[in-house]
Amino acid sequence: MPIYTAALIHDGNRFLPENSAIVVNENGEIIDILFHEIPTEAIRFAGLLCPGFINAHCHLELSYLQNQIPKHTGLVDFLIQINALRFQNKFTTSQIQNSISQAEKSMRANGIVAVGDICNGLDSLQQKKLRNLQYHSFVEIMGILDNNAAERFEDGKEIVAQFRQLHASTLVPHAAYSVSDTLLSLINSLNNNTPISIHNQECAAEDEWVRNGKGDFQKLIDSVLQRSFLPMPKNNSSLVHYLQLLQRTANILFVHNTFTSAEDILFAQEMIPNRYWVLCPNANLFIENTVPTIIPFLMQQQETICLGTDSLASNDGLCIYSEMQILRKHFPTINSEKLLQFATYNGAKALNMDSLGSFQKGKTPGVLHISNWVRKQEMPEKQNIELLH
Ligand SMILES: [Zn+2]
């Protein structure tokens, strides 16, 4: 049974003391962790060993839209373009399927072992059947008109049923601005529908739209509905509004949080015991040309932070390591021990994937080797990653 040791071992929560080792069986199961004793037969690696990375937010089905949308358009124009491209049908089924397969392959090469993946349809189902990666499928629904809420809900449930034949899947709202209160309440009526993911405050206009019923989102909503729509002002921030309509016991993954306020973070802390803040900084830079400035405040709840890549429509690659690097660049005080925890343990917890995310006896988290990461606080610019198990 192989015993691995390395200059640095991070167990998902912290760096292990020097002269530690992990015992792994041929199925990748962690059999033991050894502290301060390295048997002579141990295999010694240069650099770092850590659990496989968890991508807590991706849209595999949008992989064919890589390089289709210019950077820095802002969210409203980005979504208008996504919507237009999806309905133009200029890509063939095989182009879409190939892009999904290539995107999955690149995630594996980047050390990702599990993905929280958003699905609007069944495009990613075939690839997921191959079980190259572990997935939680979040079947996303939207609809701001009350008269089609029941239909959207039923359609979504049918898609969930298909993905559930492969792995755990849940029905989730797209975002506060794209679901009606009726649709949100229908989602909330489901039992065992956890974790839930929601795109949260990705641009400044979201709060203005929910709170006051006006602003830049009018253009998006009118363009999607092909008619003018008058919303009801909710007199609350987007997050406060929708949390009043969602179950308190579910894991809730707030995705992006680019324009979330400290008050909203404290409100969520009060209301939702199992909350997770999913950061996708490369996508935020791609779309809004900013990163969430709230991150230093959020570090008070650092056990709730996880990382996602978003889709290839809004990112140059699907790489959790690259998300860690961008965070490090913008917030140099976040140490690498924490970044690795966001990338592994926290993501697994958010997705309810108990066997992943940490080196603990009985788990099969994947063993990543980054050969050129040799000093704790010095993340190499270009990483050499291989997945040993
Ligand atoms: Zn997204």
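Numbering of ligands and ligand atoms starts at 1, following listing order.
- Phe259 and Ile287 are not part of a single hydrophobic cluster, where members link through side-chain heavy atoms under 4.5 Å apart.
- Counting heavy-atom neighbours within 6.0 Å of Glu41 CD, excluding the residue itself, gives a total above 12.
- Between His389 and His369, a ring centre-to-centre spacing not shorter than 6.0 Å is recorded.
- Within the protein, the number of N/O/S atoms found under 2.8 Å from the Zn ion (ligand 1) is 4.
- Counting all heavy atoms, side chain and backbone alike, Leu60 lies closest to Lys128 at CD2-CE, 4.5 Å.
- Judged as a ring-ring contact (aromatic ring centres under 6.0 Å, His included), the pairs with a partner in residues 60-102 (not counting sequence neighbours) are, in order, Tyr64-Phe91.
- Here the closest non-hydrogen pair linking Ile198 and Ala175 is CG1-CA, 3.8 Å.
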